[in-house]
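Starting from 1, each residue takes its place in the sequence as its number.
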Amino acid sequence: MQLGLHLTKFDHPAGPAGLAPALAAAGEAAESAGAGWLSVMDHYFQMENNGGAEAAMLEAYTTLGFLAARTTSVRLGVLVTGVTYRHPGLLAKIATTLDVLSGGRATLGLGAAWYEREHLGLGVPFPPLAERFERLEETLRICLRMWDGDDDGPFEGTHYSLAETRSAPAPVSTPRPEIMIGGGGERKTLRLVARYADACNLFASSTTEVAHKLDVLRAHCDEAGRDYERIRKTMLFVGDSIRDGDTDAFVADMAGYAKLGVDTVIVVPPDAEPAGWIDSRCAPAVPRLAELG
């Protein structure tokens with residue numbers, strides 16, 4: 001099992017000018033610790049349970065471009081991009097650019113979006129949930145088409161129409177950037193994982209619940225004719241053991257998830273100066289997690 005890091009807070013004690021050095025230090029600390037994943041949220045406004053719209057929030061892909069220039073090995077992604085935030089053709093170009101400039105380390109994380117206030121606040125359309133899922137599937141198809149390279153002709157969908165599905169340069173990743181779908185919805189989200197994604201991201205609520213979600217995913221894979229084992233399983237963990245720095249308890253917490261086939265556990269530093277927390281909480285856990293199977 002690998003350890004991943006998810007950066008969510010950007011209210012630095014020194015103000016906005018303190019963020020660039022803190023993020024650079026976080027990237028260095030993540031690689032020094034041996035982390036395999038480094039991600040940020042994709043929101044216009046900070047989430048209500050993380051300080052609200054008045055708190056600082058950075059644009060995700062600009063932030064990942066900054067981190068790409070200051071890291072060399074850790075995989076970079078957004079956990080996850082709401083399908084409403086960017087037109088799919090532009091999103092494919094953005095993700096391709098990140099992949100090229102990071103040397104093939106980009107993951108395109110996607111979800112159906114949920115934070116209505118930020119959409120209304122900045123004038124971004126926020127369609128009903130059923131339509132957002134329709135748009136999510138079309139976005140997946142468009143990105144795969146643009147990265148396939150065999151056909152750069154038009155795409156005609158219900159919600160998106162592209163005269164050309166052209167993307168040059170091609171991604172560095174072979175055969176293309178990883179696609180991760182976030183969420184555990186059993187009828188729609190996990191079905192889309194089975195059909196289109198290389199990785200899923202679930203919430204580490206309990207081993208029982210995660211086992212159930214993975215059973216649902218396996219059934220969708222069987223229905224779609226997809227090899228369940230080829231999908232990388234990741235999860236977000238916000239439990240007390242990692243926050244308290246109890247490495248033994250954290251590794252014990254993760255053992256059951258590792259047995260379910262979870263490849264990566266992603267944890268969340270508590271503030272906008274994460275480097276020290278990564279050094280003290282995460283670095284000791286990385287070699288211990290690697291022993292789990």
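- Residues Phe250 and Phe237 bring their aromatic ring centres within 6.0 Å.
- In the hydrophobic clustering of ILVMFWY residues, with side-chain heavy atoms under 4.5 Å counting as a link, Met57 and Leu79 come out apart.
- In summary, the side chains of Thr71 and Arg105 do present a donor paired with an acceptor at a separation below 3.5 Å, with no hydrogens or angles considered.
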Practice item. Mind running side chain to side chain contact (heavy atoms under 4.5 Å, CB included) on Ile179 and Trp147 for me, showing each step along the way? Key: CA-CA 11 Å; Ile179 292 175; Trp147 286 335; 4.0 Å; yes
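- No donor-acceptor distance shorter than 3.5 angstrom exists from the side chain of Arg176 to the backbone of Asp148, with no hydrogens or angles considered.
- Distance alone, capped at 3.5 Å, is enough to place a donor-acceptor pair between the Tyr115 side chain and the Gln46 backbone.
- The minimum heavy-atom distance between Pro169 and Val100, with the atom names listed, is CG-CG2, 4.2 Å.
- Taking every heavy atom of both residues into account, Leu108 and Ala95 meet most closely at CD1-CB, 4.2 Å.
- Counting only distance, with no hydrogens or angles, the side chain of Arg230 and the backbone of Arg226 share no donor-acceptor pair below 3.5 Å.
- The closest donor-acceptor contact from the side chain of Lys9 to the backbone of Leu7 lies at 3.5 Å or more, if one exists at all.
- Distance CG/Leu67 to OG1/Thr62: 11.0 Å, rounded to 0.5 Å.
- In terms of hydrophobic clustering, with Ile, Leu, Val, Met, Phe, Trp and Tyr side chains grouped at heavy-atom distances under 4.5 Å, Leu5 and Met47 are assigned to a common cluster.
- Side-chain contact check for Thr8 versus His6: some heavy-atom pair is nearer than 4.5 Å.
- In summary, the side chains of Tyr61 and Thr81 do present a donor paired with an acceptor at a separation below 3.5 Å, with no hydrogens or angles considered.
- With hydrogens and angles left out, the side-chain atoms of Thr264 and Arg232 include a donor and acceptor closer than 3.5 Å.
- For the residue pair Arg166 and Lys93, the shortest heavy atom distance occurs at O-CD, 4.5 Å.
- Between Tyr257 and Leu292, every side-chain heavy-atom pair lies at or beyond the 4.5 Å cut-off.
- Side-chain contact between Lys213 and Glu186: present, with at least one pair of heavy atoms (C-beta onward) separated by less than 4.5 Å.
- Looking only at distances, no side-chain donor or acceptor of Thr139 sits under 3.5 Å from a matching main-chain atom of Pro88.
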Practice item. May I have the step-by-step check of side chain to side chain contact (heavy atoms under 4.5 Å, CB included) for Leu214 and Val210, ending in yes or no? Key: CA-CA 6 Å; Leu214 293 178; Val210 170; 4.0 Å; yes
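- The CG atom of Asp271 lies 9.5 Å from the CH2 atom of Trp277; values are rounded to the nearest 0.5 Å.
- Side chains of Glu31 and Thr72: a donor-acceptor N/O pair is present below 3.5 angstrom, by distance only.
- Contact check on Glu138 versus Arg132 returns no salt bridge, with no Lys/Arg side-chain nitrogen under 4.0 Å from an Asp/Glu carboxylate oxygen.
- Looking at Cys221 and Asp227, their side chains never come closer than 4.5 Å, going by heavy atoms from C-beta outward.
- Atom CD of Glu48 has more than 12 heavy atoms from other residues, nucleotides or ligands within 6.0 Å.
- Between Val238 and Phe203, the closest side-chain pair of non-hydrogen atoms falls below 4.5 Å.
- For Trp114 and His119, the ring centers are positioned 6.0 Å apart or more.
- If you check the side chains of Ser241 and Asp246, you find no donor sitting under 3.5 Å from an acceptor.
- By the 4.5 Å heavy-atom criterion applied to side chains, Leu110 and Leu192 are not counted as neighbours.
- Taking the charged nitrogens against the carboxylate oxygens, Asp248 and Arg288 do have a contact shorter than 4.0 Å, which makes a salt bridge.
- Here the closest heavy-atom approach between residue Ile242 and residue Arg281 is recorded as O-CD, 3.3 Å.
- Comment: Arg86 engages Asp42 in a salt bridge, judged by a side-chain N to carboxylate O separation of less than 4.0 angstrom.
- Two residues are said to be in side-chain contact when any heavy atoms from C-beta on lie closer than 4.5 Å; Val265 and Leu3 meet this criterion.
- A heavy-atom distance below 4.5 Å is found between the side chains of Arg135 and Tyr160.
- Of all heavy-atom pairs spanning Ala60 and Val78, the tightest one is CB-CG2, 3.8 Å.
- With salt bridges taken as basic N to acidic carboxylate O contacts below 4.0 Å, none links Lys188 and Glu137.
- Listed by chain and residue number, nothing satisfies the side chain to side chain donor-acceptor pair (under 3.5 Å) test with Ser280 (two or more places apart in sequence, or in another chain).
- A distance of 6.5 Å separates CG of Leu236 from CD1 of Ile266, quoted to the nearest 0.5 Å.
- If you check the side chains of Tyr85 and Glu118, you find a donor sitting under 3.5 Å from an acceptor.
- If you chain together hydrophobic residues whose side chains sit under 4.5 Å apart, Leu64 and Val80 never meet in one group.
- Nearest approach of Thr96 to Ala170, heavy atoms of both residues: CG2-C, 4.1 Å.
- Here the CD-CG distance, from Glu273 to Leu19, works out to 9.5 Å after rounding to the nearest 0.5 Å.
- Using a cut-off of 4.0 Å between Lys/Arg side-chain N and Asp/Glu carboxylate O, Asp152 and Arg145 are scored as not salt-bridged.
- One finds the CG atom of Leu260 at 11.0 Å from the CE atom of Met254 (value rounded to the nearest 0.5 Å).
- Note: His220 NE2 to Tyr228 OH = 12.5 Å, rounded to the nearest 0.5 Å.
- Put simply, Leu90 and Leu140 are part of two different groups of oily side chains (I, L, V, M, F, W, Y) that touch within less than 4.5 Å, one to the next.
- The salt bridge (Lys or Arg N to Asp or Glu O under 4.0 Å) analysis of residues 10-23, with sequence neighbours excluded, yields no pairs.
- Side-chain atoms of Asp99 come within 3.5 Å of backbone atoms of Val172 as a donor-acceptor pair (strictly under, hydrogens ignored).
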